[in-house]
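Structure first, then comments.
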Amino acid sequence: MESVDFLTSLNPSQRQAVEHFCGPMLVVAGAGSGKTRALTYRVANLIDNHKVNPENILAVTFTNKAAREIKDRIESIFAQQQAQKKYQKPLSALEPAIQTQLRSQIYRKLTKHLWMGTFHSLCARILRYDINKYQDEKGRQWKPNFSIFDESDVLALVKQIVTKTLNLDDKKFDPRKTRYKISNAKNLGLSPQQYLQENPDYQGRVIAEVYSLYQDALAANNALDFDDLILVPVALFSQNEQVLAYWHQKFCHILVDEYQDTNRTQYDLIRLLTTNGEPPPSFHNWQNRSIFVVGDVDQSIYSFRMADYRIMLEFQQDFGDGLADDDSRTLIKLEENYRSRENILEVANHLIQNNTTRIDKILRPTRSPGVPVCCHKADDEMAEAHFVVDQIRTIINQNPEIGFGSFAILYRTNAQSRPFEDVLRREDVHYNIVGGLKFYDRREIKDAISYLRVIANPADTVSLQRVINVPRRGIGRTTIDGLNNAAQQLGVPLWEIISDQDSVNTITGRAAKSVNRFAQMIQSWRDRLETTTALDILDGILEDSGYFQDLKQQGTDEADNRLDNLRELCNAVSQFQEEEEDTSLQAFLARASLSSDLDNLQEGQEAVSLMTLHSAKGLEFPIVFLVGLEQGLFPNFRSINDPLSLEEERRLCYVGITRAQEQLFITHTSERRLWGYREPCVPSMFLAELPPDLVRGYKPLIRHQAAKNTTKNKATKGTIKKSPQQWNVGDRVLHRSFGVGKITHIFGDHKGKLSIAVKFQGSSPKIINPSVVPLESLD
DNA sequence: CTCAAATCCCTTTTT
DNA sequence: GGGATTTGAG
C-alpha cells in the first residue's frame with residue numbers, strides 16, 4: 001500500500017505528532033491548532049504506515065460524538081485511498097453505491113475494531129468482559145449484566161441511606177453534598193476505608209459509612225455508577241495481574257484527547273494499561289508501544305468533577321524524558337491557531353494572561369484580523385435575547401449565504417437558555433438546544449429504560465420499584481413495603497420475592513394477583529432475551545405492560561408528547577441496532593446511560609445552537625454569542641472568592657471566546673430575573689480584562705484610565721504600580737492568593753512579556769507574568 | 001390506593 | 001418562577 005498522502009496537508013509540528021510512532025508523547029495543543037486532526041491522522045498513520053492492527057489501538061475522546069467523528073474521518077481517508085487505488089478516481093467521483101460499499105469495507109476491516117470512545121464507554125465495555133473477576137475489599141461482586149445508575153437513581157439511594165438507614169439529619173448531611181463527596185472520593189480512587197483513613201473526623205466517618213452502605217446498595221442492585229465505571233477497572237487491574245496483562249498487551253497504542261481534564265482514577269487507568277503496573281525503568285521498553293496525549297491546560301474546565309490539569313503537567317516526569325521544553329523529544333507544541341480571526345484570538349490571549357497557573361505557551365494567529373469583537377449591554381435577559389436574535393436576523397439578511405447553523409449562543413448555566421428559546425421560537429428561528437432536561441431524563445423514557453433494565457438485570461431493585469406500579473396496576477405502598485421487607489429479611493433482591501407466587505400470596509392481600517401477573521410478564525420477556533432484538537423487547541414490553549394504552553387513553557397533549565418521545569426511543573434502538581456490532585439489550589442500555597445530549601447534535605442542520613460553555617468545548621462556530629457576562633453569573637458567585645476557581649471560570653471564558661471563527665459578540669445585562677426576583681447586575685470582571693482597543697461597545701469604568709495608558713504604549717503595559725522590577729531566581733515573592741513563593745525559573749522576554757516560574761507552598765509551580773499578575777518582592 | 005394541593009428545593013458546570 | 005416530592009383528604 002502506498003504511503004498516505006494526507007501528511008502533506010500538515011504543518012511541521014502537526015506532522016511530527018502524527019508520524020510519532022513508539023514511546024511517550026505529550027502534545028500541548030492550543031485552541032484551534034488542529035489537535036483533532038493530528039489525533040485522527042495519527043491513528044490513520046499507525047494503521048497505514050506502521051501496520052498496527054486497529055484492535056491494538058485505544059483512543060480516549062471526551063465525548064462519544066468526537067469518537068464517532070474521528071472514526072468517520074478515518075473511514076473517509078481510507079475510502080479515498082481505496083478509490084484512488086482501485087478506480088484511479090477521487091471518492092466523490094464514484095457512484096454513491098460504490099462509495100457506500102467502499103466505506104463499509106473499511107468499516108468492517110478497520111474502524112469497527114478500533115477501541116475509541118469516552119473513558120466511561122470504553123470501561124463499560126471492558127467490564128462487560130471482566131467484571132465477574134472482580135471483588136472489592138468487602139467482597140462485593142458484580143455480574144456482566146450490571147445496570148448503570150444515573151444521577152437521579154444514585155441520589156435517591158444516598159438519600160435513602162442518609163435519612164432512612166442511618167436516620168441522620170439531612171440538613172447536616174445533605175444527600176446532594178454527600179453524594180458529591182462520595183463521587184469525589186471515587187474520582188480520587190479512594191475506597192470507603194481509604195476515605196475514612198484520610199477523613200477520620202466525625203463528618204468523615206459518617207460520609208465513609210454512607211459511602212460503604214451506598215456500595216452495598218449498588219452491589220445489591222448489581223449496579224454501578226458513572227465513577228465506578230472507571231474505578232472498578234482500575235481496582236481490578238491492580239488486584240489481578242492476568243487481567244491487566246491481557247489488556248496491556250492488547251492496547252499497544254494509547255491516545256488520550258483533552259488530557260488536561262483527566263482525573264486521578266482515569267490517569268491510574270492509563271498508567272496501568274501503559275506500564276502493565278511495572279515501575280520504571282522496566283516499563284521504559286517502548287517497543288511497539290506508545291502513549292500519546294493531547295491537551296491544553298488553558299482549557300481545563302472540569303475540576304468540579306475532580307479533573308486535575310497537574311496530571312498533564314506531570315506527564316513529562318511520568319512517561320516522558322523529563323527534559324525542559326526546548327530540549328524535550330517527548331513534547332510537541334501546536335501553537336498556530338487556524339480557527340479564529342486574529343482579533344478574536346488576541347482577545348482570548350489577553351484574557352488568559354490574567355491566569356497564573358499556565359504552561360508557557362503562545363497561540364499565534366494565522367488569519368487576518370476580521371471585525372472587532374462586539375460587546376452589548378442589554379436592559380434585562382429578555383432584551384439580551386432580543387438583541388441576539390436581531391443580530392442573527394440582520395447578519396443573515398445581509399449575507400444570505402450564511403445559515404442558522406453558523407450561530408451559537410453560549411452561556412454559563414443551563415437556566416439561561418429559557419429567554420433565548422422563547423424569542424427564537426416566537427421569531428420562528430430553528431434552534432438546537434444541548435443539555436438542560438435530557439432526553440433520557442424524561443419520565444416516560446426513564447420508565448421504559450427501567451423496564452428494560454429489570455429485564456436485563458433481575459437484581460436491579462431500583463428500576464423494579466420504579467415500574468412495578470407504572471402504569472397503575474393496584475400495587476401500592478403497603479404491598480411494596482411488605483415485599484421489600486421480606487426481601488430484606490432474607491437478604492435477597494426484591495425480584496426473588498416477587499417472582500415467587502407462594503411468597504407473594506402469603507405476604508400481600510388484594511394486590512397478589514397483580515404482582516404475580518407483573519412478575520410473569522417480566523419473566524416472559526427475560527426468557528426471550530437471547531432470541532429477540534432490543535427493539536422488539538422494548539416495543540413488546542411497552543405494549544404488554546399497558547404503558548402505551550395508558551398514554552393513548554389519556555389523550556392529553558402531554559400524553560401525546562410522551563408517546564412521541566417513546567417512538568423516538570424506539571427509533572434510537574433501531575438506529576443502534578443498525579450501527580453497532582454488539583446489539584444486545586445490555587449494550588443498548590449502556591449506550592443510553594452514557595450518551596450525552598451533545599452526541600445527538602447534528603451538524604449541517606440549519607439551526608442555531610444553544611449550549612453551556614462546558615458543552616461547547618471542542619466545538620467551533622463561525623459566529624458566537626457569549627451571553628450573561630455578569631459578576632456572580634459568570635464568573636459564578638461560588639467561584640468569586642476562591643482564586644483557583646476564579647481561574648477556572650476565566651479558562652471557561654477563554655474556551656468560549658476561542659469557539660468563534662469569524663465573529664464574536666459578548667453581552668451582559670443591567671438586571672436579570674433570578675428565582676423570580678429582579679436583581680441588578682454588575683458587568684463581569686472579565687470584560688475589564690479584555691483589550692479595549694479590540695472590543696467595541698464596552699468601556700470599563702474602573703480601569704479605564706489605566707487601560708488607555710497601556711494600550712498606547714504596550715512596552716510599559718502592566719507595570720501599573722511600580723517601576724520596572726528586577727526578578728532573580730531564588731527571590732522570595734508574595735502573591736495575593738497563593739502567598740509566599742520562591743522563583744525557580746525566569747523565561748526570557750518574549751515579545752516583551754516576562755514569564756517567571758514560582759513554587760508556592762503546597763502547590764505545583766506556577767508560571768506567572770509579573771506584569772499582569774501583581775507580585776511583590778520580599779527580598 | 002389514588003389524586004390533588006401544599007411544600008420545598010432550586011441555579012454552576014457533566015460522563 | 002417552576003418542577004419534583006411530600007402530604008392529606010377521599
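Below, chains carry the letters A, B, ... as their sequence lines are ordered, and counting in each starts from 1.
A:Thr478 has a side-chain polar atom (N or O) that falls below the 4.0 Å cut-off from OP1 or OP2 of B:dC1. OP1 or OP2 of B:dC1 sits under 4.0 Å from a side-chain N or O of A:Thr479. Distances shorter than 4.0 Å separate none of the side-chain N or O atoms of A:Ser121 from OP1 or OP2 on B:dT15. Taking 4.0 angstrom as the limit, A:Asn263 places none of its side-chain polar atoms (N or O) nearer than this to OP1 or OP2 of B:dT15. Remark: A:Ser615 is in phosphate contact with B:dT14, judged by side-chain N or O atoms under 4.0 Å from OP1 or OP2.
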Please write out each protein N/O paired with an N/O of nucleotides 5-10 of chain C under 3.5 Å, distance rounded to 0.1 Å.
none

Quick test: give all pairs of protein nitrogen or oxygen and nucleotides 7-11 of chain B nitrogen or oxygen below 3.5 Å, distance rounded to 0.1 Å.
| unit_1 | atom_1 | unit_2 | atom_2 | d |
| --- | --- | --- | --- | --- |
| B:dT11 | OP2 | A:Arg176 | NH2 | 2.9 |

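Each of A:Lys159, A:Arg466, A:Lys446 was checked for a salt bridge (charged side-chain N to carboxylate O under 4.0 Å, His left out) with A:Asp153, and the lone residue meeting it is A:Lys446. None of A:Asp225, A:Asp227, A:Asp268 except one satisfies the salt bridge (charged side-chain N to carboxylate O under 4.0 Å, His left out) rule with A:Lys186; the exception is A:Asp225.
The 5' end of DNA chain B is approached more closely, in terms of each residue's nearest nucleotide, by A:Ala511 than by the other of A:Ala511 and A:Arg179. A residue-by-residue look at A:Thr612 and A:Gly474 shows that A:Gly474 has its nearest nucleotide of DNA chain B further toward the 5' end.
The CG atom of A:Asp481 sits 13 Å away from the C1' atom of B:dC1 (whole-angstrom rounding). A straight line from CZ of A:Phe62 to P of B:dT15 spans 8 Å, rounded to a whole angstrom. A:Ile480 places its CD1 atom 8 Å from the P atom of B:dC1, with the value rounded to the nearest Å. Rounded to a whole Å, the CZ atom of A:Phe304 is 4 Å from the C1' atom of B:dT13. One interatomic measurement links the two molecules: CZ of A:Arg68 to P of B:dT15, which rounds to 14 Å at whole-angstrom precision. In this entry the distance linking CG of A:Asn64 with C1' of B:dT14 reads 13 Å, nearest Å. Regarding A:Glu381, its CD atom lies at a distance of 12 Å from the P atom of C:dG1, rounded to whole Å. Computed from coordinates, the A:Arg125 CZ to B:dT15 C1' distance equals 17 Å when rounded to whole Å.
At a cut-off of 3.5 Å, with distance as the only test, a side-chain donor of A:Asn222 or A:Asn145 sits close to an acceptor on the other residue.
The backbone N or O of A:Ile301 lies less than 3.5 Å from a partner atom in the side chain of A:Asp261, making a donor-acceptor pair. For the pair A:Glu444 (side chain) and A:Leu566 (backbone), a donor-acceptor distance under 3.5 Å is absent. When atom types are taken as modelled, the side chain of A:Asp228 and the backbone of A:Leu231 share no donor-acceptor pair closer than 3.5 angstrom. Between the side chain of A:Thr61 and the backbone N or O of A:Thr63, at least one donor-acceptor pair lies under 3.5 Å.
For A:Arg472, whose side chain is taken as the heavy atoms from C-beta onward, the closest listed nucleotide among B:dC3, B:dT15, B:dT13 is B:dC3. In the set B:dT15, B:dT13, B:dT2, the nucleotide with an atom closest to the side chain of A:Asn469 is B:dT2. Distances were taken from every side-chain heavy atom of A:Arg305 (C-beta onward) to each of B:dT13, B:dT15, B:dC3; the shortest belongs to B:dT15.
At a threshold of 4.0 angstrom between heavy atoms, the contacts of A:Asp227 with the nucleic acid are absent. Using a 4.0 Å heavy-atom criterion, one finds that A:Phe119 contacts no nucleic acid atom at all.
A:Phe146 has its side chain within reach of A:Arg128: a pair of non-hydrogen atoms, C-beta onward, lies under 4.5 Å apart. With a 4.5 Å cut-off on side-chain heavy atoms, A:Ile449 and A:Ser593 do not count as touching. Contact check for A:Leu594 versus A:Phe226: side-chain heavy atoms found under the 4.5 Å cut-off.
Counted within 6.0 Å of CG on A:Asp379, heavy atoms from surrounding residues, nucleotides or ligands total 12 or fewer; the atom is thus considered open. A:Asp481 CG: more than 12 foreign heavy atoms inside a 6.0 Å radius.
Taking atom P in both B:dT13 and C:dA4, the straight-line distance is 16 Å, to the nearest Å.
Shortest non-hydrogen contact noted between A:Ile468 and A:Arg473 is O-NH1, 2.7 Å.
Helical stems of DNA chain C (runs of at least 3 Watson-Crick or G-U pairs, donor-acceptor distances under 3.5 Å) are listed by first residue: B:1-9 with C:2-10.
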